[in-house]
Amino acid sequence: MLIKRNRGWEIPEARVTPEHVFFSRRRLMAAGAGAMALAAVKPARAETDPSAALYPAKPNPAFGDAGRPVTAEADNANFNNYYEFGTSKQIADAARALPVRPWTITIDGEVEKPATIAIDDLFRQVTFEERIYRHRCVEAWSMVVPWTGFPLSRLVEIARPTSNARYLRFETFNKPEVAVGQKDGLFTSFPWPYVEGVTMAEAMNELPLMVTGAYGKPLPNSMGAPLRLHLPWKYGFKSIKGIVKVSFVAERPVSFWEQLGPEEYGFWANVNPEVAHPRWSQASEEVLGTGERIPTVLFNGYGAQVAGLYKGLESEKLYM
Ligand SMILES: Nc1nc2c(c(=O)[nH]1)N[C@H]1C(S)=C(S)[C@@H](COP(=O)(O)O)O[C@H]1N2
Ligand SMILES: [Mo]
């Protein structure tokens, strides 16, 4: 992610330019087998995770094939966007500092009974399933991931929102004592905590997944443990990680990226190859781990499920 504002005095340009990361990564891949060793997956903490027995979850046959090969776990585990732990893609080590138990989720706002639930108690109220989804980052790279989790609509059911609820506002932890990217003096201009939002109609769609695991195991911290969202038809920044709070609200939430650069990152952020980012084309995407470039598809290919959500909203900036 890159912000357009003149923040060179705050963040060295090279550290946030996606192209920079891309090119260095490509070189790494081109170096071949030797470089692959660098990308070896570190031992998972799955053995100690209290939810480990819930894996692997039953595959949902409706989402058993994303039409493209699944991205190698090693490629995904070593190429992440998680600004709480730094602006590079290599944040997996830094992210290990985050304690993911005990962990609570607060559900508040326009709901019958606001509550704070221990994550494993929440997991006991839902049924895990596996879905293979395409993920398209706004930086024009993509991957395919076998996620484990439960539908966001199930969380809405548990929360029991009132008729005043029009949006869901998600919030990530704010722990500068463990998250290096949130520490004072590093990126203080970032409006922590990370926030994202969807409409109630989007939340009730069949696609949004509250993600607890990937590749048949609990999520590693780098991918957003213990709970993140995945919205496969939207740019990746909407898929918020490390969630601690879900608020049901009447007003449209302003996301982290929208606060930083409203002329570049909006509320809807639906994938559309025909609407360029102000500074780069969205017509194609690099397939993570392959060096291959493929055409980008409207709604990331999920139009059959989601296009109807946007009828009557054509005047909105649906694609940024
Ligand atoms: N809390 C938080 N969530 C986040 C981000 C972030 O920096 N912080 N980055 C987003 C972006 S830009 C993308 S592409 C995806 C990346 O998910 P991955 O690292 O599992 O590939 O996470 C999204 N969720
Ligand atoms: Mo992204």
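Ligands are counted one by one from 1 in listed order, and the atoms in each one are counted from 1 as well. No experiment lies behind these values; they were computed from the predicted model shown.
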Heavy atoms of other groups near R252 CZ, more than 12 under 6.0 Å: yes
For atom 23 (C) of ligand 1, which of the options A92, P193, G242, S239 provides the nearest non-hydrogen atom? S239
Honestly, is [X] close enough over [Y], meaning NZ or CZ under 6.0 Å from the six-membered ring centre and within 45° of the axis?
X    : Y    : answer
K217 : Y55  : no
K317 : F267 : no
R136 : F299 : no

Quiz question: by atom type and distance under 3.5 Å, do the side chains of T162 and E110 form a donor-acceptor pair?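 Short answer, yes.
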With heavy atoms under 4.0 Å as the rule, classify the contact between [X] and ligand 1 as side chain, backbone, both or neither.
X    : result
K238 : neither
T172 : side chain
E196 : neither

Atoms in ligand 1 with a heavy atom of [X] nearer than 4.0 Å:
X    : result
I240 : 3 (N), 24 (N)
C137 : 14 (S)
Y194 : 1 (N), 2 (C), 3 (N), 4 (C), 5 (C), 6 (C), 7 (O), 8 (N), 9 (N), 10 (C)
Y83  : 6 (C), 7 (O)
F237 : 10 (C), 11 (C), 12 (S)

Please determine if N81 has a nitrogen or oxygen closer than 3.5 Å to a nitrogen or oxygen of ligand 1.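 Indeed, backbone or side chain, N81 has an N or O that close.
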Should N80 be counted as touching ligand 1, given the test is an N or O pair under 3.5 Å?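 For ligand 1, there is an N or O atom that lies under 3.5 Å from one belonging to N80.
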Among Y194, Y83, Y235, which one satisfies side chain to side chain donor-acceptor pair (under 3.5 Å) with W257?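 Answer after filtering Y194, Y83, Y235: Y194.
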For N270 and K234, what are the C-alpha separation, side-chain angles and deciding distance, and is it a side chain to side chain donor-acceptor pair (under 3.5 Å)? CA-CA 4 Å; N270 296 308; K234 291 181 180 281; 3.1 Å; yes
Kindly determine whether D108 and S247 satisfy side chain to side chain donor-acceptor pair (under 3.5 Å), including the steps that lead there. CA-CA 5 Å; D108 67 6; S247 305; 2.6 Å; yes
